[in-house]
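Not measured: the values here are computed from a predicted model. To find a chain, count down the sequence lines: A is the first, B the second, and so on, and within it residues start at 1.
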2 protein chains.
Amino acid sequence: MDLTDRTIIEKLTRDSRIHCTEIASELGVATSTVHKRVNQLYNDGVIEQFTIILNPEKSGTALTTFIGINVDSGRKDEVINTLKSLNNVLEVYELLEPYDIFVKVRTRDISELKENVLRVIANTKGVLNTSSILTTRRHKENACITKNGD
Amino acid sequence: MDLTDRTIIEKLTRDSRIHCTEIASELGVATSTVHKRVNQLYNDGVIEQFTIILNPEKSGTALTTFIGINVDSGRKDEVINTLKSLNNVLEVYELLEPYDIFVKVRTRDISELKENVLRVIANTKGVLNTSSILTTRRHKENACITKNGD
DNA sequence: TTTGAAATCCGAGGGAA
DNA sequence: TTCCCTCGGATTTCAAA
């Protein structure tokens with residue numbers, strides 16, 4: 001992970017469709033060098049995924065909710081696996097406190113949140129209680145850090 | 001947003017580098033059609049960004065923290081703008097309760113969290129109090145929903 | 001709005017420094 | 001590792017339906 005790698009990552013973070021040729025010319029190296037670096041970063045697992053960020057409102061998942069969950073410590077892994085399998089659950093984290101698990105959820109609206117997510121969580125063995133944090137507006141959303149001021 | 005658009009979005013969500021030709025052949029339409037649809041989705045703002053997801057540990061931002069912030073209601077927009085400008089702050093949401101603002105943060109470690117983020121927030125006019133939720137492990141992270149089971 | 005063809009340009013791999 | 005070169009294939013455009 002030298003400066004070349006970090007520059008490549010930064011450019012791909014801003015636009016993952018950018019051509020290797022463009023990165024190469026800005027870096028002053030050969031296209032094939034950039035090409036191989038990108039593959040290496042991907043194979044090493046530094047880059048996990050090439051993806052897109054959708055506008056939640058325009059793509060039909062307007063409601064973003066964070067949910068804290070407390071569980072029987074013995075069933076934590078089961079619960080996590082159940083959560084991971086839910087399509088509306090975008091992110092799953094483990095914590096120490098005040099919850100055991102914390103998830104980020106996107107749904108069309110509150111009724112979909114209840115039906116597709118909260119109901120499933122409540123019915124999952126090992127779940128003790130949940131606490132939902134509903135958001136009303138999204139002001140920024142990046143998948144990862146872009147060094148340098150925008 | 002018909003079935004064609006949704007299929008394109010789903011494929012780009014899984015891999016934003018996928019070729020238009022591949023999407024086209026699976027959909028049974030012309031490559032140029034897919035090409036135009038992708039551009040349209042981007043111009044319409046449905047697709048906000050083509051980006052990558054980095055492994056936090058391997059890319060030097062191992063610590064994911066969520067922070068709830070309460071503010072003077074008159075200074076909410078100022079605070080939000082300050083937060084948006086911070087590189088380590090990946091996501092910024094507005095809520096009704098129990099906080100006014102909720103952010104997702106990535107830093108190298110706790111000391112960077114304190115220096116680059118918590119200190120700045122504490123010194124921002126209008127901030128009443130903050131509450132940090134530190135995560136210990138990431139089990140899933142997607143930028144948006146992928147319909148159909150993985 | 002979609003299509004199909006044409007021209008340009010890019011990605012991918014192998015061999016040399 | 002990086003660079004150069006080349007080929008196969010993708011992107012992009014445009015006129016026509």
| task | Begin with the C-alpha distance, continue with both residues' side-chain angles, and end with the deciding distance and a verdict on salt bridge (Lys or Arg N to Asp or Glu O under 4.0 Å) for B:Glu10 and B:Arg6. | result | CA-CA 6 Å; B:Glu10 187 191 320; B:Arg6 283 195 295 274; over 6 Å; no

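The separation between B:His19 atom NE2 and D:dG8 atom P is 16 Å, rounded to whole Å. As rounded to whole Å, 11 Å separates atom C1' of C:dT1 from atom CG of B:Asp2. The CG-C1' distance, from A:Leu3 to D:dT1, rounds to 16 Å in whole Å. To the nearest angstrom, P of C:dT1 lies 10 Å from CG of B:Asp44. What separates OH of B:Tyr42 from P of D:dT11 is a distance of 17 Å, to the nearest Å. Between the P atom of D:dA16 and the NZ atom of B:Lys36 lies a distance of 14 Å, rounded to the nearest Å. Atom CG of B:Asn39 is separated from atom P of C:dT1 by 14 Å (rounded to the nearest Å). As rounded to whole Å, 18 Å separates atom C1' of D:dA10 from atom CD1 of A:Ile18.
A tilted orientation is assigned to the rings of B:Phe102 and A:Phe102, their planes being inclined by 30° to 60°.
With D:dC3, D:dT11, C:dC10 as the choices, the nucleotide that has an atom nearest any side-chain atom of A:Val29 turns out to be D:dC3. Considering only side-chain atoms of A:Gln40, the nucleotide from C:dG11, D:dT11, D:dT1 that sits closest is D:dT1. Closest to the side chain of A:Arg37, from the set C:dT3, D:dT2, D:dT1, is D:dT2. Among the nucleotides C:dT3, D:dT11, D:dC3, the one closest to any side-chain atom of B:Ala30 is C:dT3. Closest contact between the side chain of A:His35 and the listed nucleotides C:dG11, D:dC3, D:dT11 involves C:dG11.
Salt bridge annotation for B:Arg106-A:Glu91: absent, with no cationic side-chain nitrogen under 4.0 angstrom from a carboxylate oxygen.
Heavy atoms of B:Thr33 sit under 4.0 angstrom from at least one base atom.
In this structure, the side chains of B:Ile69 and B:Tyr99 stay at 4.5 Å or more apart for every pair of heavy atoms.
For the side chain to side chain contact (heavy atoms under 4.5 Å, CB included) with A:Ile53, the lone residue among B:Ile47, B:Thr51, B:Thr13 that qualifies is B:Thr51.
Side-chain atoms of A:Ser32 come within donor-acceptor range of the base of D:dC4, with a qualifying N/O pair under 3.5 Å.
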